[in-house]
Amino acid sequence: MAIVGCGGMAQTYRDRLVPLADRIEVVATVDPLPDRAADLAAAFPPARPETRIEAVLDDIDAAVVMTPHHTHLDVGRQLLQAGKHVMMEKPLALTEDECLELIAEGDRADRVLMAAYPMRFHPLLVSLQEAVADGLIGEVFDASIWTEQYTRYEEGHWAHRRATLGGGQLFSHGCHYIDVLLRLLGEPVRGSHFGTRLGTPWMEGEGTSHATIQFASGALGHHFGTWGARGTQLGYLAQVHGTEGLLSVDIMAGRLRHTTSARTRTIAEAERHAKYLHLGVQHFVDVIEGRADLVADPWSALQSLRVIWRLYEAEQRGVVADLRGLVPG
Ligand SMILES: NC(=O)c1ccc[n+]([C@@H]2O[C@H](COP(=O)([O-])OP(=O)(O)OC[C@H]3O[C@@H](n4cnc5c(N)ncnc54)[C@H](O)[C@@H]3O)[C@@H](O)[C@H]2O)c1
């Protein structure tokens with residue numbers, strides 16, 4: 001496998017990938033900045049650093065791509081056309097047409113194209129999903145997710161600019177949690193989004209985002225995300241209210257709690273403030289080896305982006321977004 005893009009996210013993956021050495025051989029790290037490629041290669045001896053993807057194509061079966069959003073289409077297409085399996089960091093690509101092109105390339109090449117949505121594999125969110133499906137809290141009528149971060153890169157970084165990021169905080173980071181809301185609550189009907197640059201003037205798009213979605217069941221979903229938090233109480237928190245109780249996931253504390261009028265108890269625990277990135281990569285390898293069906297498939301990843309694009313469009317026009325027909329019911 002090659003790691004393509006050796007910036008901040010690749011550093012986050014590094015410690016999670018090293019223990020997977022029995023399943024994955026990282027043969028090369030690729031980044032146009034040679035120092036970054038070399039720095040990451042050092043964690044996977046004898047992996048070699050390269051500055052061009054062409055230089056690794058003969059030696060790999062698959063790649064994990066962690067490059068800027070405006071490069072996802074070109075990088076993904078090149079890898080798929082060369083017959084490689086691709087795990088693409090979120091969001092899949094910048095626009096709907098780009099996503100569709102990548103999906104078509106994956107189909108043509110008959111290779112796995114997986115979207116890296118680690119929240120789909122996070123044990124607390126998996127347990128949350130199961131508890132909701134099992135009816136632990138009865139009929140769900142509200143799910144809310146808060147994420148508070150301070151995210152600021154160096155001046156001129158691609159993630160500050162709308163054209164290269166593809167939007168603002170909601171598109172780049174909120175896509176994880178819109179995805180979680182869709183999987184928890186089903187078919188979206190309408191919604192609204194308000195974003196602001198106040199507090200994050202380095203962002204060309206919104207640095208702080210509120211999205212509210214009404215679902216076909218009548219349930220409401222809300223996501224608050226900011227890249228401007230100078231402090232945090234909530235960290236990464238999800239709450240789901242049902243007619244029989246409350247489920248709350250605190251990712252920083254590493255626990256899922258179940259609350260009823262009688263008591264609160266912890267029903268699942270996990271590593272504190274962990275992204276469990278290795279579980280996504282393990283799944284990618286399982287799918288390549290035919291041991292599992294792809295759960296983070298590009299079509300469902302595209303659905304959360306479609307919701308975001310419609311929310312953005314409606315915000316610009318000052319209307320409520322019609323979200324019907326986006327997610328197969
Ligand atoms: N899942 C998460 O929680 C999470 C968190 C942060 C970032 N990400 C995602 O990871 C990806 C990368 O983000 P980042 O924060 O690491 O950005 P970054 O700017 O820190 O790193 C990107 C790297 O890609 C390199 N690069 C640019 N073009 C390239 C190309 N054509 N081929 C190979 N390398 C290339 C750059 O030189 C840079 O080193 C994005 O898709 C981002 O949304 C995911």
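Numbering of residues begins at 1 and proceeds along the displayed sequence. The figures here come from the full heavy-atom set of this structure, side chains too, leaving out hydrogens, waters and symmetry mates. In each ligand, atom 1 is the first atom listed, and ligand 1 is the first ligand listed.
Between D39 and R36, none of the side-chain N atoms (NZ, or NE/NH1/NH2) sits under 4.0 Å from a carboxylate O, so this pair counts as no salt bridge. The pair R23-E289 meets the salt-bridge criterion, since a charged nitrogen lies less than 4.0 angstrom from a carboxylate oxygen.
Within the 6.0 Å centre-distance limit, the rings of Y236 and H273 are counted as a close aromatic pair. Aromatic rings of F224 and H210 (six-membered ring for Trp) have centroids within the 6.0 Å cut-off, being under it. When ring centroids are compared, W146 and H222 stay outside the 6.0 Å threshold.
Shortest contact from atom 17 (O) of ligand 1 to any protein heavy atom: W158 CZ2, 3.4 Å. Protein heavy atom closest to atom 44 (C) of ligand 1, with residue, atom name and distance, is E89 OE1, 3.1 Å. At the top of the distance list for atom 20 (O) of ligand 1, counting protein heavy atoms only, stands G8 N, 2.8 Å. The protein heavy atom nearest to atom 25 (C) of ligand 1 is D31 OD2, 3.1 Å. Given atom 42 (C) of ligand 1, the protein heavy atom at minimum distance is H69 NE2, 3.4 Å. Looking at atom 35 (C) of ligand 1, its nearest protein heavy atom turns out to be P32 CD, 3.2 Å.
Those atoms of ligand 1 with a heavy atom of G5 less than 4.0 angstrom away are 24 (O), 33 (C), 34 (N). For ligand 1, the atoms sitting less than 4.0 Å from at least one non-hydrogen atom of K275 are 2 (C), 3 (O), 5 (C), numbered in the order shown with element in parentheses. Taking every non-hydrogen atom of V4 and a distance limit under 4.0 Å, the qualifying atoms of ligand 1 come out as 32 (N), 33 (C).
Residue L33 touches ligand 1 through its side chain alone, judged by heavy-atom distances below 4.0 Å. Contacts between Y117 and ligand 1 below 4.0 angstrom, taking non-hydrogen atoms only, are absent altogether.
Below 30°, between 30° and 60°, or above 60°: for H173 and H176 the angle between ring planes is above 60°, a perpendicular geometry. Between W227 and Y153, the two ring planes are perpendicular [angle over 60°; tilted spans 30° to 60°].
Relative to the six-membered ring of Y150, R230 misses at least one condition, a distance below 6.0 Å or an angle of at most 45° to the axis.
Distances between N or O atoms of I53 and those of ligand 1 include no value under 3.5 Å. The distance criterion of under 3.5 Å between nitrogen or oxygen atoms is met by M9 with respect to ligand 1. Between T71 and ligand 1, no N or O atom pair is found at a separation short of 3.5 Å. The N/O atoms of K90, backbone and side chain alike, include one that comes under 3.5 Å of an N/O atom in ligand 1.
Using a 4.0 Å cutoff on heavy atoms, H176 counts as a contact of ligand 1. Contact annotation: H157 has at least one heavy atom less than 4.0 Å from an atom of ligand 1. Ligand 1 is never approached by A116 to a heavy-atom distance shorter than 4.0 Å. Note on ligand 1: R52 sits outside its first shell, no heavy atom being nearer than 4.0 Å.
In this model, no donor atom of one side chain and acceptor atom of the other lie less than 3.5 Å apart for T71 and D74.
Of all heavy-atom pairs spanning L128 and V240, the tightest one is CD1-CG2, 3.9 Å.
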